[in-house]
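One structure is given below, encoded as structure tokens.
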Amino acid sequence: MPTANKFSVSRYAPERGPMAKLTARDSVLRRLDWPILLSSLALSFLGALLVWSATRNRTTLNQGDPYYFLARHALNTGIGLVLMIGTVWLGHRTLRGAVPVLYGLSLVLILAVLTPLGATINGAHAWIVIGGGFSLQPSEFVKITIILVMAMLLATRVDAGDLAHPDHRTVVKALCLAAAPMGIVMLMPDLGSVMVMVVIVLGVLLASGASNRWVIGLLASGVGGAVLIWQLGVLDEYQINRFAAFANPELDPAGVGYNTNQARIAIGSGGLTGSGLFKGSQTTGQFVPEQQTDFVFTVAGEELGFVGAGLILVLLGVILWRACVIARETTELYGTIVCAGIIAWFAFQSFENIGMTLGIMPVAGLPLPFVSYGGSSMFAVWIAVGLLQSIKVQRPLSA
């Protein structure tokens, strides 16, 4: 019998007794995790200010309206909040029953990207243009789908009390279902999203109690797969150049290394308290490309300084900390796995985004959760917050 890892514990047994009744005394609002909600709102608010600062003078982007991106960022946040509320209202257990439908829909959407409906933005053929200036990036929602479909498979027999931890056959099925959308996303190619999905899969397996041999095997396979992809030339030239610039920042400072060099200049010039909102010379001078999306952290570093940039890190840390608390306190493996997948997603994507602005990670085209401009990313992270809140709200009273 395979040895379960340290996350496999005996508390995942069939639930006994009635579920919590959400009465006036024990209402949904009282049971929400307010640190997560308030931290997410604070990050979105800070993001709106940073996006506004980065775009108000860029007439080629804002169509002559300095409030264009600010208004759309606020709209995206509002829609994200509605999606969060809807997710809490439906409940993660209801969504568990709809996972096959959600999985199928995700496959249809990412396959549609590879048809004439797909559009190339910033080098990645990963978008579907809806019209009216709006576009959809299906790979953002695939992250959620992978978490849910793996959690459903890995937790079903454990939550039913049939097994202490997932068996090998179940793990294989879960990995196959995760690999299908990841393979399609790789064809776009959207390497950054695939990197996040790989980390999500590892986080899910660790939390599920599956044998450690699966995690070790996947890590070894990942290294081998990366070498194979490099040798076969699957990556586009701009992606190869990004890794080359990361390995040697002085390789092409005016070309592929330009973004990273300018990002470090912007962050380094901020000092302790920054130059002040709307007063950053790098931001005002438009020296940093994609500053409202992938490189939004540079605005915080330059204009708000170490204090403002540190506040973003603290708020992200609060979300991750509270998600860990929810994962630990839930009495069902399904909820723990969902939390673990979200934690892995948020933690790695935040580290990669901030790391690439500091030059300690390669440029991968990943947004900073809640802060960067972008509808699909904003919607996905708020749905994830809704899942965390649902797991917290629907915890049995005996938990």
Side-chain angles (χ1 to χ4, degrees), residues 1-12 103 139 142-159 162-186 189-232 234-235 239 243 246-247 320 323-324 327-328 330 332-352 355 360-362 364 366:
M1 179 178 293
T3 303
N5 62 41
K6 64 180 179 180
F7 291 92
S8 180
V9 290
S10 60
R11 62 190 173 98
Y12 301 118
Y103 182 80
S139 58
V142 171
K143 298 169 187 175
I144 300 173
T145 303
I146 288 176
I147 293 172
L148 292 178
V149 74
M150 291 190 71
M152 180 191 70
L153 279 173
L154 295 171
T156 296
R157 297 187 66 184
V158 177
D159 284 338
D162 298 333
L163 296 172
H165 52 77
D167 57 11
H168 289 316
R169 180 176 298 181
T170 302
V171 173
V172 170
K173 290 179 181 178
L175 291 176
C176 288
L177 287 175
M182 288 170 62
I184 299 172
V185 173
M186 192 65 203
D190 186 356
L191 182 60
S193 293
V194 172
M195 290 168 59
V196 176
M197 293 172 193
V198 169
V199 174
I200 287 173
V201 170
L202 290 174
V204 163
L205 285 180
L206 282 170
S208 71
S211 171
N212 285 324
R213 284 179 287 179
W214 282 106
V215 177
I216 296 171
L218 283 176
L219 288 173
S221 300
V223 173
V227 174
L228 183 62
I229 288 173
W230 186 276
Q231 294 296 326
L232 293 177
V234 175
L235 300 180
Q239 293 174 317
F243 282 100
F246 167 67
L320 295 174
C324 289
R328 186 179 68 245
T330 184
E332 56 181 2
L333 181 58
Y334 176 74
T336 296
I337 293 176
V338 171
C339 289
I342 294 171
I343 292 166
W345 166 15
F346 283 12
F348 177 77
Q349 188 160 316
S350 299
F351 177 76
E352 164 61 31
I360 62 173
M361 292 293 287
L366 291 172

Quiz item: If every non-hydrogen atom of Met197 is compared with every non-hydrogen atom of Val142, which pair is closest and at what distance?
Solution: CE-CG1, 3.7 Å
Quiz item: Given side chains that start at C-beta, do those of Met195 and Leu191 come closer than 4.5 Å, heavy atoms only?
Solution: yes
Self-check item: Which atom of Val338 lies closest to which atom of Leu148, heavy atoms considered
Solution: CG2-CD2, 4.1 Å
Quiz item: Among all residues two or more places apart in sequence or in another chain, which pass the ring pair (Phe, Tyr, Trp, His ring centres under 6.0 Å) test with Phe346?
Solution: Phe370
Quiz prompt | side-chain contact (heavy atoms from CB on, under 4.5 Å) against Thr145, all qualifying residues, sequence neighbours excluded | solution = Tyr103, Ser106
Self-check item: Residue pair Phe351 / Met361: nearest heavy atoms and the distance that separates them
Solution: CE2-SD, 3.6 Å
Self-check item: Rounded distance [0.5 Å steps], CG in Leu206 versus CD1 in Ile337
Solution: 11.0 Å
Quiz prompt | Inter-residue atom distance Ser350.OG - Leu366.CG, 0.5 Å rounding | solution = 10.0 Å
Self-check item: Residues which pass side-chain contact (heavy atoms from CB on, under 4.5 Å) with Leu175, listed by chain and number, not counting sequence neighbours
Solution: Met150, Val171, Val201, Leu205, Trp214, Leu218
Self-check item: Rounded distance [0.5 Å steps], OG in Ser211 versus NE2 in His165
Solution: 8.0 Å
Practice problem: Measure across Pro166 and Ser208 and return the closest heavy-atom pair with its distance rounded to 0.1 Å. | Solution: CD-O, 3.1 Å
Quiz item: How far apart are the closest heavy atoms of Val194 and Met182, and which atoms are they?
Solution: CG2-O, 3.9 Å
Exercise. Quick one: closest heavy-atom pair of Asp190 and Ser139, and the distance?
Key: OD2-OG, 3.2 Å
Quiz item: Judged by atom type as modelled, is there a donor-acceptor pair below 3.5 Å linking the side chain of Thr336 to the main-chain atoms of Ala327?
Solution: yes
Quiz item: In Å and rounded to the nearest 0.5 Å, what is the CD1 to CZ distance from Ile200 to Phe348?
Solution: 10.0 Å
Practice problem: Determine, step by step, whether Ile144 and Trp345 satisfy the side chain to side chain contact (heavy atoms under 4.5 Å, CB included) criterion, reporting the C-alpha distance in whole Å, the side-chain angles of both residues, the deciding distance to 0.1 Å, and the verdict. | Solution: CA-CA 9 Å; Ile144 300 173; Trp345 166 15; 3.7 Å; yes
Exercise. Please identify each residue that fulfils side-chain contact (heavy atoms from CB on, under 4.5 Å) with Ala323, with sequence neighbours left out.
Key: Ile343, Leu388
Practice problem: State which residues pass side-chain contact (heavy atoms from CB on, under 4.5 Å) with Ile184; sequence neighbours excluded, sorted by chain then number. | Solution: Leu107, Ile110, Leu111, Leu114
Quiz item: Roughly how far, to the nearest 0.5 Å, is CG of Leu219 from CD1 of Ile216?
Solution: 8.0 Å
